[in-house]
*Asks:* 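Below is the structure I would like to discuss, written out as structure tokens.
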Amino acid sequence: MSPRKANNESSIYFGADGWWHGRVTMGVKNDGSPDRRHRRAKTKPEIKRKVRELERQRDQGRAPSAGRKPTVAKWMETYLTDIASLKLKPRSLDDYWSKTRNDIVPGVGQHRIDKLQPEHLERMYRAMLDAGHAPSHVLKVHRILSRALKIAHRRRMISENVATLVDPPSVDETEANPFTQDESKAFLDAAAKRPTLMRWIVGVGMGFRQGETLGLRWSYVDLEAELFHPKWQLQRLTWRHGCEDPHACGGRLHRFEPCPPKCTRHEAYKRGCPKPCTKTCTKHASACPQRKEGGLVFTRPKTKKSQNPVPIPPVFIPFLRDHKARQDEMRTAAAELWQEHDVVFSRPDGRPLDPRQDYAEFKELLTEAGIDDRRLYDGSRHTAGTILNELGVDMPTIMEILRHTQISQTRRYVKGRSHLSKDAMRRMGEFFVPGPQSPAPNASQSPSQSTPSGPSQGPTETRTETADTRAARSRRRRRIR
């Protein structure tokens, strides 16, 4: 008869089914009952190894919690709904949901989070790259999944975050392509023919983000103190269902079959035909009668530093006063059709400018000004930071104007110019090799009285011979060759 096992001691035995079994006491479950984990193996050494591994995890406090683990798809839904939504900004949360639905769930969604392996992620990333996704897109997916698994590991649902074992694709940083000073003037000359001139003066001349510019309201503009207070930004958010059954709500819009090869229904779509709906599709929230939290919405900027006041150039003040007077005239002309939103840049009926139309207008102005294609960021924040640097403004001041939290971020926004580098190197050369400083000697002055002035006087004659012989110098030259 074997002696009785001590409390919390593991047990190993050979079962009638031909397998070796091991049971390890890990603690207690949520209901107070003992948490006994089971392992099995074909050989006794193998079951001993598994039991020792489980005991090591228990002793180090790294053992996963009891209970059946959810799938990646289920955990991502829990993470985004209950955890990430408490911290992320609405636009970022929409981006997390989009990449989860379109990439993570189709790629590894059916795996249990405790069974997920690095090879599963590597195959998913490879498939995404082969499908035409940019490496930056794959990197974002990797970071979202890694963050969700980090929370699961912190809660001891899994023993290790496998995303940390995978190297995502490397991404080359997009090089900024700001306007030159001449291009900036040409762009604003083209914008002067439109009623939105002041919007582009603020965007290009002060480096405001698109959402901050369109979200400016007169309540936060101090013309007397010459300050902008960018406390809000305008963003377009994804609509959410307000009904109890989102799948049934969007029933008439569900499309489960892919489009034919020559689809004419979506020929105007820039990204091609949309993907077919899943069997449990809960999209199409824009058609929900009780939709919420979507459309054009005023939101807070991402960081507290982004809300710092920005000085308005004094020459802009008359333009802003004229702009406000024209807006008052539009309000009077619109009468009861006017919708008051207190925005600085509005449509004829008082509503804020649509970011999509604003972006399209930026592209039109590029064509009218004869400037090659640029990103909106290149024509606003990157341009403002670069021109400030060209005007001699120091980097900490530029960081305060652009409202960055780190100066390393500001350096990425400022691009050096080749003509400035050439001028700097010209001055460097003049420092080391200065030109002639003294006039030529007079006829009455003997050459011995003239004072040589550095390298500009040319080489001088050596008056002493070296101590080496001619043969020694020849041998040294051969060694050098």
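For clarity, every value in this text was computed on a predicted model and none was experimentally measured.
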*Asks:* Please assess Glu212 against Val310 for the test side-chain contact (heavy atoms from CB on, under 4.5 Å), listing each intermediate value before the final yes or no.
*Replies:* CA-CA 12 Å; Glu212 294 171 345; Val310 181; over 6 Å; no
*Asks:* Tell me if a side-chain donor or acceptor on Arg156 pairs with a main-chain N or O of Ile158 at a distance below 3.5 Å.
*Replies:*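 The answer is no, because no donor-acceptor pair under 3.5 Å joins these two groups.
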*Asks:* Do Asp103 and Met124 make a side-chain contact, defined as non-hydrogen atoms from C-beta onward lying under 4.5 Å apart?
*Replies:*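 No - every pair of side-chain heavy atoms lies 4.5 Å or more apart.
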*Asks:* Drop me the distance from Phe345's CZ to Leu353's CG, to the nearest 0.5 angstrom.
*Replies:*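 Between atom CZ of Phe345 and atom CG of Leu353 there are 8.5 Å.
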*Asks:* Test Met198 against Lys324 for side-chain contact (heavy atoms from CB on, under 4.5 Å), laying out the working first.
*Replies:* CA-CA 10 Å; Met198 200 62 219; Lys324 190 172 184 179; over 6 Å; no
*Asks:* Rounded to the nearest 0.5 Å, how far does OG of Ser85 lie from OH of Tyr96?
*Replies:*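 The distance works out to 12.5 Å.
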*Asks:* Do NZ/NE/NH1/NH2 and the carboxylate oxygens of Glu55 and Arg52 come within less than 4.0 Å?
*Replies:*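 Answer for the salt bridge query: no.
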*Asks:* What class does the angle between the rings of His247 and His254 fall in, given that below 30° is parallel, 30 to 60° is tilted and above 60° is perpendicular?
*Replies:*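 Ring orientation, 0 to 90° scale: parallel.
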*Asks:* Any side-chain donor-acceptor pair under 3.5 Å between Thr25 and Arg36?
*Replies:*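 Per modelled atom types, Thr25 and Arg36 side chains form a pair under 3.5 Å.
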*Asks:* For Phe187, is the NZ or CZ atom of Arg374 found under 6.0 angstrom from the centre of its six-membered ring and inside 45 degrees of the ring axis?
*Replies:*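 Arg374 over Phe187 ring: no.
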*Asks:* To the nearest 0.5 Å, tell me how far Lys283 NZ sits from Thr238 OG1.
*Replies:*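 Spacing of NZ (Lys283) from OG1 (Thr238) equals 11.0 Å.
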*Asks:* Arg37 versus Arg58: any side-chain heavy-atom pair under 4.5 Å?
*Replies:*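 Result no, sub-4.5 Å side-chain heavy-atom pair not found.
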*Asks:* When you measure from the side chain of Thr282 to the backbone of Pro246, do you find a donor-acceptor pair of N or O atoms at a distance under 3.5 Å?
*Replies:*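 Checked: no pair found.
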*Asks:* Of all the heavy-atom pairs spanning Pro90 and Thr299, show the shortest one and how long it is.
*Replies:*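 The answer is CG-CG2, 4.5 Å.
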*Asks:* May I ask you to decide whether Glu400 forms a salt bridge with Lys305, counting only side-chain N to carboxylate O separations under 4.0 Å?
*Replies:*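 Yes, Glu400 and Lys305 are salt-bridged.
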*Asks:* Between Ser159 and Gln57, do the side chains contain an N or O donor and an N or O acceptor separated by less than 3.5 Å?
*Replies:*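 No, because no side-chain N or O of Ser159 sits under 3.5 Å from a partner of the opposite role on Gln57.
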*Asks:* State plainly whether the residues Arg356 and Asp354 are in salt-bridge range, i.e. N to O under 4.0 Å.
*Replies:*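 Salt bridge: no.
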*Asks:* With a 4.0 Å cut-off, would you call Arg240 and Asp94 a salt bridge?
*Replies:*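 Looking at Asp94 together with Arg240, the answer is yes, because their closest N to O distance falls below 4.0 Å.
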*Asks:* Looking at Trp20, I'd like to know if the NZ or CZ of Arg40 sits under 6.0 Å from its six-membered ring centre while staying within 45 degrees of the ring's axis.
*Replies:*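 No, cation not above the ring by the 6.0 Å, 45° rule.
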*Asks:* Answer yes or no: is there a side-chain heavy-atom contact under 4.5 Å between Glu390 and Thr386?
*Replies:*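 Contact flag for Glu390/Thr386 side chains = yes.
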*Asks:* Relative to the ring of His133, is the ring of His137 parallel (under 30°), tilted (30 to 60°) or perpendicular (over 60°)?
*Replies:*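 The arrangement is parallel - the two ring planes meet at less than 30°.
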*Asks:* State plainly whether the residues Asp358 and Arg199 are in salt-bridge range, i.e. N to O under 4.0 Å.
*Replies:*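 Arg199 and Asp358: salt-bridged.
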*Asks:* For the atom pair CG (Leu216) and CG (Leu320), what is the distance rounded to the nearest 0.5 Å?
*Replies:*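 Here the interatomic distance stands at 9.5 Å.
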*Asks:* Is there a donor in the side chain of His404 and an acceptor in the side chain of Arg381, or the other way round, less than 3.5 Å apart?
*Replies:*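 Short answer, yes.
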*Asks:* What distance separates Met206 CE from Thr383 OG1, expressed to the nearest 0.5 Å?
*Replies:*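 That separation rounds to 15.0 Å.
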*Asks:* Tell me if a side-chain donor or acceptor on Asp378 pairs with a main-chain N or O of Asn177 at a distance below 3.5 Å.
*Replies:*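 Between the backbone of Asn177 and the side chain of Asp378 there is a qualifying donor-acceptor contact (under 3.5 Å).
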*Asks:* For the pair Asp130 and Arg126, find out whether any cationic side-chain nitrogen is under 4.0 Å from an anionic carboxylate oxygen.
*Replies:*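 Looking at Arg126 together with Asp130, the answer is yes, because their closest N to O distance falls below 4.0 Å.
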*Asks:* Taking the side chain as every heavy atom from C-beta outward, state whether His284 and Cys277 have any pair of such atoms under 4.5 Å apart.
*Replies:*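 His284 reaches Cys277 side chain to side chain.
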*Asks:* About how many Å separate CG of Asn161 and CG of Leu145, when rounded to the nearest 0.5 Å?
*Replies:*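 Between Leu145 CG and Asn161 CG, I get 8.0 Å after rounding to 0.5 Å.
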*Asks:* Can you give me the closest heavy-atom contact between Val202 and Thr213, atom names plus distance?
*Replies:*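 Between these two residues, the closest heavy atoms are CG1-CG2, 4.3 Å.
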*Asks:* List the atom of Pro168, the atom of Val166, and the distance in Å for their closest heavy-atom pair.
*Replies:*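 Closest pair (atom of Pro168, atom of Val166, distance): CD-O, 3.3 Å.
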*Asks:* If we ignore hydrogens and angles and just use 3.5 Å, is the side chain of Glu46 paired with the main-chain N or O of Thr43 as donor and acceptor?
*Replies:*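 No; zero donor-acceptor contacts below 3.5 Å.
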*Asks:* Output yes when Asp349 and Arg347 qualify as a salt bridge under the 4.0 Å nitrogen-oxygen rule, no when they do not.
*Replies:*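 Not counted as a salt bridge, because no side-chain N and carboxylate O are separated by less than 4.0 Å.
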*Asks:* Taking the inter-plane angle between the rings of Phe298 and His341 on a 0 to 90° scale, is it parallel (under 30°), tilted (30 to 60°) or perpendicular (over 60°)?
*Replies:*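 Aromatic pair Phe298/His341 classed tilted.
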*Asks:* Are a donor atom and an acceptor atom from the side chains of Gln327 and Ser346 found within less than 3.5 Å of each other?
*Replies:*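 Short answer, yes.
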*Asks:* Run the numbers on Gln210 and Phe362 for side-chain contact (heavy atoms from CB on, under 4.5 Å), then give the verdict.
*Replies:* CA-CA 11 Å; Gln210 183 193 38; Phe362 173 75; over 6 Å; no
*Asks:* Check step by step if side-chain contact (heavy atoms from CB on, under 4.5 Å) holds for Arg39 and Val24.
*Replies:* CA-CA 8 Å; Arg39 295 291 186 268; Val24 182; 5.9 Å; no
*Asks:* Is Arg91 close to Gln233 at the side-chain level, that is, under 4.5 Å between some pair of heavy atoms?
*Replies:*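 The answer is no; the side chains never approach within 4.5 Å.
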*Asks:* Could you tell me whether the side chain of Arg291 and the main chain of Ser286 form a donor-acceptor pair under 3.5 Å?
*Replies:*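 Yes: the side chain of Arg291 pairs with the backbone of Ser286.
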*Asks:* Locate the shortest heavy-atom distance separating Pro348 from Met330; write the atom from each residue and the value.
*Replies:*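 Heavy atoms of Pro348 and Met330 come nearest at CA-SD, 4.1 Å.
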*Asks:* Among Lys69, Met157, Glu160, which one satisfies side chain to side chain contact (heavy atoms under 4.5 Å, CB included) with Asp114?
*Replies:*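 Exactly one option meets the side chain to side chain contact (heavy atoms under 4.5 Å, CB included) with Asp114, and it is Lys69.
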*Asks:* Under 4.5 Å between any side-chain heavy atoms of Tyr79 and Thr100, yes or no?
*Replies:*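 Counting from C-beta outward, Tyr79 and Thr100 never come under 4.5 Å.
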*Asks:* Checking the side chain of Arg300 only, and the main-chain atoms of Lys231 only, is there a donor and an acceptor separated by less than 3.5 Å?
*Replies:*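 Confirmed, Arg300 side chain pairs with Lys231 backbone.
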*Asks:* Closest approach of Phe256 and Thr278, non-hydrogen atoms and distance?
*Replies:*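 Minimum heavy-atom separation between Phe256 and Thr278: CE2-O, 3.2 Å.
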*Asks:* Is the shortest heavy-atom distance from the side chain of Met26 to the side chain of Leu54 under 4.5 Å?
*Replies:*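 A side-chain contact under 4.5 Å exists here.
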*Asks:* For the residue pair Tyr125 and His142, categorise the inter-ring angle as parallel (less than 30°), tilted (30 to 60°) or perpendicular (more than 60°).
*Replies:*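 Plane angle over 60°, so perpendicular.
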*Asks:* Is it possible for you to check whether Lys292 lies under 6.0 Å from the centre of the six-membered ring of Trp239, through NZ or CZ, and within 45° of that ring's axis?
*Replies:*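 Cation-pi check for Lys292 and Trp239: fails.
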*Asks:* Taking 4.0 angstrom as the limit, do Asp95 and Lys99 come out as a salt bridge?
*Replies:*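 Salt bridge flag = yes for Lys99 with Asp95.
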*Asks:* Heavy atoms only: give me the nearest Gly385-Ile398 pair and the separation to one decimal.
*Replies:*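 Answer, listing the atom of Gly385 first, then Ile398: O-CD1, 3.8 Å.
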*Asks:* Does Lys279, at its NZ atom, have more than 12 non-hydrogen atoms belonging to other residues, nucleotides or ligands within less than 6.0 Å?
*Replies:*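 Result for NZ/Lys279: open.
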*Asks:* Quick one, Arg265 and Arg255 - any side-chain contact, counting heavy atoms below 4.5 Å?
*Replies:*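 Heavy-atom side-chain distance check passes, below 4.5 Å.
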